J.: 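My structure is below; once you've seen it, I'll send some questions.
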2 protein chains.
Amino acid sequence: MVPKQKARRQKAPAPRADGELRAGILPTLIGYRLRLAQQAIFRDFAEHVPWLSPGRAGMLILVEANPGVTQSRLARAMSLDRSTMVGLVDVLEERGLLERRRGEDRRTNSLWLTRGGRQLLARVKRRIAEHEARVGSRLAAPERAQLMSLLDKLR
Amino acid sequence: MVPKQKARRQKAPAPRADGELRAGILPTLIGYRLRLAQQAIFRDFAEHVPWLSPGRAGMLILVEANPGVTQSRLARAMSLDRSTMVGLVDVLEERGLLERRRGEDRRTNSLWLTRGGRQLLARVKRRIAEHEARVGSRLAAPERAQLMSLLDKLR
DNA sequence: TATTGTTATACTCTATAACTATA
DNA sequence: TATAGTTATAGAGTATAACAATA
């Protein structure tokens with residue numbers, strides 16, 4: 001029989017001098033570090049690209065690169081459910097950024113940027129370029145390339 | 001006067017042979033690649049650590065490493081609002097994983113893992129270790145260290 | 001006065017199930 | 001039968017504002 005561990009009341013350890021919490025195993029985990037890095041980048045994005053969330057900006061970029069794409073194809077490309085895409089398209093259509101047109105296969109909607117959508121997206125892309133330069137400036141150029149390749153391996 | 005751009009109707013480009021969408025500038029963006037990598041890792045976590053989300057598991061890890069921590073201190077450590085922490089503690093307390101105790105400063109609640117919480121966390125940490133090994137196995141050891149350091153620079 | 005925990009409320013993002021029009 | 005879009009509904013996860021208890 002394995003010796004039973006003595007039951008002991010939990011006790012608070014001496015608090016750390018700097019007032020920070022002990023982080024346990026969290027900093028050893030790739031997913032945790034990834035999340036912190038991403039939060040920092042999303043914070044910068046939200047601050048400097050105030051018109052759209054990263055996801056919605058990404059969606060406009062995909063529609064621009066694939067004019068006339070159907071909702072379902074776009075949903076698949078973004079790993080979203082078809083029903084989730086409906087609300088996303090609703091919002092961007094109400095804001096006058098894109099429009100649905102009846103597809104040749106009449107079950108489908110094809111998606112097209114409006115003039116306003118193209119104009120906003122041009123501005124957004126300039127801001128994103130600045131955002132990317134600012135974020136990327138924390139790394140040397142070869143480091144940036146290295147990071148991209150390492151991130152790819154995690155997929 | 002700048003020459004006006006000729007108004008032209010959008011046209012669908014030839015569809016790609018592989019059926020995939022064109023990704024536009026997305027793959028050039030650090031934030032986009034970061035998100036894809038994180039989604040892959042969260043997917044693995046959800047599949048192999050079925051009892052808790054990454055955020056809740058992280059919270060238990062912090063309480064274990066800081067027994068008796070107050071709700072507010074924990075919220076600050078996790079970058080959450082105090083009011084958000086209330087519901088998080090409610091859920092984990094209802095599941096019998098941790099408990100509130102009246103603090104010495106009687107405005108505060110101090111948080112402690114229950115026996116059940118310690119037992120579940122031990123199992124969770126074993127699964128997390130396997131998860132981390134599986135995810136990390138996509139990288140060579142020096143690559144993993146390199147990734148950690150690059151991610152840190154983005155914060 | 002300032003801080004802690006709490007409640008009420010709301011917003012974003014996402015999914016599942018069931019429906020309809022069309023193929 | 002199968003697919004595309006839609007609706008109703010629900011569940012995470014998060015925040016702000018206002019309040020009572022306590023410092």
Side-chain angles (χ1 to χ4, degrees), chain A residues 19 21 31-32 35-36 38-39 42-43 45-47 49-60 63 66 68-95 98-112, chain B residues 19 21 31-32 35-36 38-39 42-43 45-47 49-60 63 66 68-95 98-112:
Chain A
L21 294 194
Y32 177 73
R35 185 159 63 89
L36 292 184
Q38 198 178 12
Q39 280 176 344
F42 272 38
R43 205 159 38 238
F45 189 102
E47 195 174 323
V49 192
W51 308 285
L52 292 167
S53 68
R56 289 175 183 181
M59 174 163 158
L60 290 190
V63 174
N66 302 274
V69 64
T70 66
Q71 291 186 196
S72 278
R73 288 233 305 152
L74 187 56
R76 272 193 299 275
M78 296 175 68
S79 303
L80 296 176
D81 189 86
R82 269 160 33 240
S83 66
T84 301
M85 183 53 65
V86 173
L88 225 37
V89 173
D90 283 349
V91 166
L92 296 178
E93 190 168 42
E94 280 156 20
R95 285 183 57 180
L98 56 75
E99 58 177 354
R100 294 169 158 105
R101 293 189 200 148
R102 167 63 73 97
E104 192 182 351
D105 174 342
R106 299 209 322 287
R107 292 172 300 186
T108 65
N109 290 334
S110 64
L111 302 178
W112 307 80
Chain B
L21 295 194
Y32 177 74
R35 186 160 63 91
L36 292 184
Q38 198 178 11
Q39 281 176 344
F42 272 38
R43 205 160 37 240
F45 189 102
E47 195 175 323
V49 192
W51 308 285
L52 292 168
S53 67
R56 289 174 183 181
M59 174 163 159
L60 290 189
V63 174
N66 302 275
V69 66
T70 66
Q71 291 186 195
S72 278
R73 288 233 305 152
L74 188 55
R76 273 193 298 274
M78 296 175 68
S79 304
L80 296 176
D81 189 86
R82 271 164 27 244
S83 66
T84 302
M85 184 53 65
V86 173
L88 226 36
V89 173
D90 283 348
V91 166
L92 296 178
E93 190 168 43
E94 280 157 22
R95 285 184 58 181
L98 57 75
E99 58 178 353
R100 293 169 158 106
R101 294 189 201 150
R102 165 65 72 97
E104 191 181 350
D105 175 341
R106 296 205 327 286
R107 292 171 301 186
T108 65
N109 289 334
S110 65
L111 301 178
W112 307 80

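To find a chain, count down the sequence lines: A is the first, B the second, and so on, and within it residues start at 1. Heavy atoms only: backbone and side chains are in, while hydrogens, waters and symmetry mates are out. Only a predicted model underlies this, so the values are computations on that prediction, with no experimental measurement involved.
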J.: Does some side-chain heavy atom of L111(A) sit less than 4.5 Å from a side-chain heavy atom of E99(A)?
T.: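 They are not in side-chain contact.
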
J.: Between atom CZ in R102(A) and atom P in dT20(C), what is the gap in whole Å?
T.: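 Going from CZ in R102(A) over to P in dT20(C) covers 17 Å.
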
J.: I want to confirm an ordering. Mapping D105(A) and Q39(A) to their closest nucleotides on DNA chain D, which one lands closer to the 5' end?
T.: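 Its nucleotide being nearer the 5' end, the pick is D105(A).
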
J.: In whole angstroms, how far is the C1' atom of dC13(C) from the CZ atom of F42(B)?
T.: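 Roughly 14 Å, once rounded to whole Å.
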
J.: First locate atom CG of L74(B), then atom CG of L21(A), and finally report the distance between them rounded to the nearest 0.5 Å.
T.: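 Nearest 0.5 Å value for the CG-CG distance: 6.5 Å.
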
J.: Give, for atom CZ of R76(B) and atom CE of M85(B), the distance between the pair rounded to the nearest 0.5 Å.
T.: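 If we round to the nearest 0.5 Å, R76(B):CZ and M85(B):CE are 10.5 Å apart.
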
J.: For Q71(B) and dG5(C), give me the distance from atom CD to atom P, rounded to whole Å.
T.: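 Computing the Q71(B):CD to dG5(C):P distance gives 5 Å.
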
J.: Does dC13(C) have its OP1 or OP2 closer than 4.0 Å to a side-chain nitrogen or oxygen of R56(A)?
T.: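 Affirmative; the distance criterion is met.
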
J.: Give the rounded distance in Å between these two atoms: CG of L74(B) and P of dT4(C).
T.: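 The distance from CG of L74(B) to P of dT4(C) comes to 13 Å, rounded to the nearest Å.
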
J.: Reading DNA chain D 5' to 3', which nucleotide is the first, and which the last, to come under 4.0 Å of any heavy atom in chain B?
T.: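 Span of nucleotides near chain B: dG13(D) to dA23(D).
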
J.: Might you point out which heavy atoms bring F45(B) and S53(B) nearest each other, and give the distance in Å?
T.: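 Here F45(B) and S53(B) meet closest at CE2-C, 3.9 Å.
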
J.: Going by number, which of residues 78-92 of chain A have a non-hydrogen atom under 4.0 Å from DNA chain C?
T.: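 Listed by number, they are S79(A), L80(A), D81(A), S83(A), T84(A).
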
J.: What pairs of residues pass the salt bridge (charged side-chain N to carboxylate O under 4.0 Å, His left out) test when at least one of them lies in residues 78-94 of chain A, not counting sequence neighbours?
T.: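 Output for this query lists D90(A)-R100(A), E93(A)-R100(A).
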
J.: In the structure I gave you, are the side-chain heavy atoms of W51(B) and R56(B) within less than 4.5 Å of one another anywhere?
T.: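 Heavy-atom side-chain distance check fails, nothing below 4.5 Å.
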
J.: Looking at V86(B), T108(B), L88(B), which hits side-chain contact (heavy atoms from CB on, under 4.5 Å) with Q71(B)?
T.: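 Output: one option passes, namely V86(B).
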
J.: If I compare all heavy atoms of G68(A) with all of S110(A), which pair ends up nearest, and what's the gap?
T.: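 Nearest heavy atoms, G68(A) then S110(A): O-CB, 3.2 Å.
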
